[in-house]
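Remember, predicted model here, so these are calculated numbers, not experimental data.
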Amino acid sequence: MRSSTYIFSFLLVSFLAVVNQGKAQNNTLLQAADSLYTGNKWEPAKQKYISYLADTSAAKNAVAWNRLGYCNYKLGLYADALADYNKVLINKPAPPVRNVAMVRMSRVYAAMNKIDESADWLTKAQMTGYNSLPELDS
């Protein structure tokens, strides 16, 4: 009986060590992506975010999806950006993140010269509380 308790304890500790190591690696990956993002290095940031979001525990990180969408927008990959922003909205983020995603969707549609869709997303953002006048002005 005692040996089975020791074996169980050993397996539990080993499992937790592996899980913690994976979380640490994923956090490092996110930090690298964020650093590249703030440095306007869109392609390398995009690759890091893709790697980070591939982990199922990170797949609900709306901020990371938002940033991946912005990388794709800056790279001119508008369909990919819209897909990323939709993932932001699917994950039901906090209102500020949700509203930024909506405004960014508006920008993508404007870049695609789809003015009606752009106006619709901007209106949705405003109706849910978005009011950053300097950004709206741009």
So [Y] and [X], do their side chains get closer than 4.5 Å, heavy atoms only?
{"X": "Arg104", "Y": "Tyr73", "value": "no"}
{"X": "Pro93", "Y": "Val88", "value": "yes"}
{"X": "Leu30", "Y": "Tyr49", "value": "yes"}
{"X": "Leu82", "Y": "Tyr109", "value": "yes"}
{"X": "Tyr130", "Y": "Met102", "value": "no"}

Find the distance between CD1 (Ile115) and CD (Glu117) and round it off to the nearest 0.5 Å. 9.0 Å
Hey, what do you get for CG (Leu89) to CG (Asp84), rounding to the nearest 0.5 Å? 11.5 Å
Going by the side-chain hydrogen bond (donor to acceptor under 3.5 Å, both in side chains) test, which pairs reach into residues 39-48, not counting sequence neighbours? Glu43-Gln47, Lys46-Asn72
Regarding Asn61 and Tyr52, is there a side-chain donor-to-acceptor distance under 3.5 Å anywhere? yes
Measure across [X] and [Y] and return the closest heavy-atom pair with its distance rounded to 0.1 Å.
{"X": "Ala125", "Y": "Val103", "answer": "CB-CG2, 3.7 Å"}
{"X": "Ala101", "Y": "Asn66", "answer": "N-ND2, 3.9 Å"}
{"X": "Ala58", "Y": "Leu53", "answer": "O-CD2, 3.4 Å"}
{"X": "Asn99", "Y": "Gly129", "answer": "ND2-C, 3.8 Å"}

Same cluster or not: [X] versus [Y], using hydrophobic residues (I, L, V, M, F, W, Y) connected whenever any side-chain heavy atoms lie under 4.5 Å apart?
{"X": "Ile90", "Y": "Trp121", "value": "no"}
{"X": "Trp65", "Y": "Leu75", "value": "yes"}
{"X": "Leu77", "Y": "Leu36", "value": "no"}
{"X": "Tyr85", "Y": "Tyr37", "value": "yes"}

Determine yes or no for a side-chain-to-main-chain donor-acceptor pair under 3.5 angstrom, with Ser118 supplying the side chain and Lys114 the backbone. no
Pair Asn86-Met105, side-chain contact (heavy atoms from CB on, under 4.5 Å): steps then yes or no: CA-CA 9 Å; Asn86 276 313; Met105 289 179 86; 3.6 Å; yes
